[in-house]
Structure formats: C-alpha cells, structure tokens
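Read the numbers this way: they start at 1 and go in the same order the structure lists the ligands and their atoms. Numbering of residues begins at 1 and proceeds along the displayed sequence. Keep in mind that this is a model prediction, so the values were computed, not measured.
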Amino acid sequence: MNEQTKKNLDELYKELRIIRTYDHAVAIIDFDFETCAPVEGRGDEGDVISYFANKKFAISNSGKMKRTIGYLYGHIEELDELDRILIRKLNENLEKTAAVTAKTQLKWLKIYNQAYIDWLKAKEVGDFSLYKKSFCAVIKASKEKVALRKNALPDLYDNLLNDCEKGVLSATLDKFFDELKVGLMELIAKIKSSDHVIRRDFLSRKVPIYKQQEFSEYVLKLNGYDFKRGHISTTEHPFTNEIAKNDVRVTTHYFENMFLSNLYSVIHEGGHAILMQNEPEEDFEHFINDSVTNGMHESVSRFYENVIGRSKEYISLIYPEFHRLFNEELSDVTERELYEAVNIVEPSLIRTEADEVTYGLHIVIRYEMEKAISAGKISPAAAKKEWNRLYREYLGVTPKNDAEGILQDVHWTNDFGYFPSYALGNAYNAMYLKRISSEMDFKGAIARGDLAAVNDWMKKNVFAEANRLTPEKWLLKLTGRPLTAKDFLEYLNDKYSEIYGF
Ligand SMILES: [Zn+2]
C-alpha cells in the first residue's frame with residue numbers, strides 16, 4: 001500500500017469512528033422511542049433522532065469523505081479483502097446519495113417519523129383513512145429518493161428490493177413467489193382435508209406476564225443469547241437492535257391470554273440477536289458489521305423460531321421447564337399437545353401470528369401490493385380495498401377493522417421492499433438445513449439441549465461471510481445451489497404430513 005493510500009485509509013477510519021458514535025447515540029434514542037417514550041413525548045424525541053441522524057448524514061456525505069472514498073475506490077487493489085468490501089459498499093451508498101442535500105434528507109426523515117406517529121394513532125382506532133396522508137408521503141419520498149440516484153435501476157420497486165436484498169429483483173422474485181404460492185396452496189388444501197383435530201383450548205388461557213417473562217429469559221439463554229451483552233424490553237412491534245458490538249437488545253410484546261405470541265417473538269428476535277452477537281470480530285474492525293441483508297437475517301431468526309423452535313426435539317427440550325413454570329395454568333397439556341399446538345395451520349389475519357405454512361401467503365400478498373403500488377397500478381388510497389380483496393382470495397379471511405388489516409405492520413411507515421425478505425429467509429434456511437443435517441446430528445443436538453453445537457456450525461458457515469457476500473453468492477457458497485422454494489416446500493410437507501396424518 002502506498003503512503004497516500006495509507007493516509008486516506010487512516011482518515012476514513014477516523015471518520016467512521018465518529019459516525020459509529022452517532023449511530024450508537026441514535027440507536028439508544030431510537031430504542032427509547034420505541035419502548036418507553038410516552039405518546040405525547042414522541043414528537044419531540046423523533047425530532048432529536050432526526051437531528052442526530054442528519055448530523056451523521058452530513059459527515060458521511062461531506063466533501064472530505066467523498067474525496068477519501070473516491071481516492072480509495074481508485075486504489076482498491078492496494079487494499080486488503082475486508083477494506084475492499086467496505087470501500088465498495090461506501091462507494092455504492094455515495095452514488096445513491098450523491099445528489100441528496102442535507103435539507104432533503106431531513107425532510108424525508110421527518111416524513112418517516114411523522115408516518116410512524118400517524119400509524120400508531122391510526123392503528124389504535126383501526127382506521128386506515130387516518131394514515132392515508134402519511135402513506136402517500138412515504139411513497140412519494142421513496143420515488144424522490146430513487147429519482148435522485150445515480151445508476152438507478154429502471155424500475156422503482158427493483159431499486160427498493162435491491163436496497164433490502166442486493167441483487168434479488170422482481171424477475172427472480174416473481175418466479176420464486178409463483179412456485180411458493182402454488183406449493184403452499186396445495187399443502188393448505190391437504191391440511192384442510194385432514195380430519196386430525198389439534199387441541200387448542202389452552203392457547204387462550206391467562207398466563208401471568210411475570211411468568212412469561214421468566215420463560216422468555218429461559219429460552220433466550222438456552223438458545224445461546226448472551227445477556228451480559230444484551231437486554232430485553234417490551235414494545236408495540238417487536239424488533240432487535242444492534243446498538244453496539246457488546247449491546248444487542250431484543251424486544252417483545254406480552255399478551256396475558258396468548259402466551260405463544262411472546263414465546264415465538266422472543267425466539268425469533270433472539271435469532272436475530274444470536275447472529276449479531278456472533279459476527280466475526282474483524283467485521284467490526286473493518287466497519288462492515290451491519291452488512292447482512294434482511295433476507296439473510298430473517299433466514300437466521302426464522303431458523304431459530306421455526307426450524308428449531310417449532311421442532312419436536314425443541315418442544316421436548318423445553319417441556320419440563322414449561323411444565324414447572326406454568327404448572328397452575330397449563331399442567332394438563334402434554335408434550336405432544338404442545339408440539340401440535342405450536343404448529344396449528346390455519347388461515348388468519350395477522351402475519352406475525354401466522355403459522356409456518358400460511359405465513360408465506362401473507363408475504364405473497366404484501367409483495368403483490370408493493371409491486372402494484374410502486375408501478376402505479378393501485379393508488380395508495382385504494383390500498384385498503386386491495387388488501388382486503390387479496391386476503392379473501394388467498395386466505396379466505398376478512399379483517400373486521402384496519403388494525404388487523406392493512407395497518408397491522410409498521411413496515412409501510414418506511415420504504416417498500418422489506419417484506420419479501422421474510423419469505424426469502426424461509427427459503428434460504430430450508431436450503432442450509434439440508435447441509436447442517438448432513439454434517440452433524442442436528443436433531444440430536446437440539447434434543448440434548450446442545451444449542452452451542454448448532455450455534456457453532458451457524459457461526460462457521462452461515463454467519464462467517466454473511467457481511468461479506470451478496471445473498472446470491474453467500475447462498476451458492478453455503479448450499480452449492482441457487483435460490484429455490486423447493487426445499488422449503490419439502491420441509492413443510494415432511495413436517496405437516498406427520499402432524500396432520502396424510
Ligand atoms: Zn425478524
């Protein structure tokens with residue numbers, strides 16, 4: 001590396017350390033915003049977040065930063081592998097935002113913050129009309145954002161998809177979702193025609209929140225979440241936040257009469273957190289630690305939630321603690337009954353409460369809607385009607401109000417493109433499930449409670465290069481095959497034919 005390159009790299013690292021400090025501060029305020037800030041205080045706190053995020057944006061996009069990145073991009077062959085990944089990423093971001101002024105950036109941030117506030121209010125009374133204005137503003141902001149980009153892809157939605165899952169565009173997703181939709185519809189029909197009855201009377205029993213809290217901590221620890229570098233809080237819409245290398249926080253939502261809701265939220269968010277707590281040390285040193293795509297992240301969280309958490313072996317593992325802690329409320333529930341109950345398949349309204357099988361159709365609906373709205377085929381104002389129509393057609397259910405319909409998810413207070421990643425996550429993890437099962441006694445490890453062995457394999461294979469490769473390359477290296485819905489459909493058919501007896 002020549003002297004000038006070394007100087008530029010040092011300069012870049014100095015700036016990135018400052019940016020990381022801003023990110024750290026914003027993440028803490030944001031965590032506060034979403035977990036405990038009072039409703040009336042959220043407007044002001046949102047302004048504080050915007051202020052610091054905007055400061056960070058100014059540093060990231062300063063002339064000095066642009067020159068430094070530009071120089072290093074021109075001398076990329078002198079850098080080591082991880083710095084190359086960093087510089088390519090920074091250069092790509094710069095190209096996206098080169099024409100965005102700090103003022104425009106601030107305007108967008110305010111739109112998103114306002115949208116979040118309006119969404120909360122609209123959801124509370126279950127009325128989409130109260131959110132319409134913000135929804136239109138968010139979509140307009142996405143359009144403006146893409147229009148200002150250098151090297152933008154021709155299609156608006158492809159740009160948004162590419163932001164979430166680099167390289168996975170609608171041409172690939174159309175095929176993937178078609179295959180998934182057909183496979184799921186066939187499987188649901190088989191399940192519907194089965195006469196096996198799953199016991200469910202105990203699912204709505206009152207289970208005190210303090211007991212659910214204790215159980216949440218038990219499963220998080222069991223799965224390998226490190227509480228010395230973590231924390232758990234409550235929120236409206238559960239999420240996980242990597243505040244810093246040694247501070248990865250998960251959130252959940254407790255319902256007294258729906259104990260499974262919290263349990264699987266916690267296992268899901270815990271999965272995100274386990275990935276974050278086990279990223280390679282060098283990825284932090286080279287500032288590429290937050291590069292895992294949404295789809296890769298979801299593949300991990302849903303691996304812990306479904307493939308592990310809803311397996312026979314896992315239920316058998318947690319059953320003694322379940323029986324001990326919920327003895328007063330659920331002592332008459334057998335292990336098999338619990339296993340079947342966490343795997344009931346039934347079309348429903350709420351995505352986050354959906355089972356593994358119908359879940360994919362919730363995503364198909366959102367994918368089709370995002371694509372149609374982005375292409376101007378459906379106006380944002382008509383979105384509610386389309387939502388309800390698709391739910392009737394694919395799942396045979398109709399929401400009573402918008403809180404259990406179009407307003408249920410927080411995602412549309414920001415850019416489109418995130419939802420497909422949930423379905424991709426399922427497809428990815430079903431593909432690497434085949435490999436882990438061939439290389440170790442996967443089911444046996446879960447049954448023995450040796451989650452450390454599973455986490456070790458995940459760390460070596462799934463996590464190790466997730467920050468460094470595109471989803472396509474990562475998947476190919478990990479599984480030797482390109483994206484397919486087949487493995488996921490096979491996994492579901494194997495599991496549910498045993499449960500429902502067909
Ligand atoms: Zn998730």
**Prompt:** What is the minimum heavy-atom distance between A115 and V138, and which atoms define it?
**Reply:** CB-CG2, 3.6 Å

**Counterpart residues, side-chain hydrogen bond (donor to acceptor under 3.5 Å, both in side chains), relative to E45 (two or more places apart)** =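 Listed in chain order: nothing, the list is empty.
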
**Request:** Taking side-chain contact (heavy atoms from CB on, under 4.5 Å) as the test, write out the residues that go with K443, two or more places apart.
**Result:**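 For K443 the side-chain contact (heavy atoms from CB on, under 4.5 Å) partners, ignoring immediate neighbours, are E313.
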
**Message:** For F255 and H253, take the angle between the two ring planes, folded into 0 to 90°, and tell me which bin it lands in: parallel under 30, tilted 30 to 60, perpendicular over 60.
**Reply:** parallel

**Message:** Using 30° and 60° as the class boundaries, would you call the ring planes of F135 and W412 parallel, tilted or perpendicular?
**Reply:** parallel

**Message:** Please enumerate all residues that pass salt bridge (Lys or Arg N to Asp or Glu O under 4.0 Å) together with E335, with sequence neighbours excluded.
**Reply:** none

**Shell of protein N/O/S atoms around the Zn ion (ligand 1), taken as anything under 2.8 Å** =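 Near the Zn ion (ligand 1), below 2.8 Å, one finds H268 NE2, H272 NE2, E298 OE2.
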
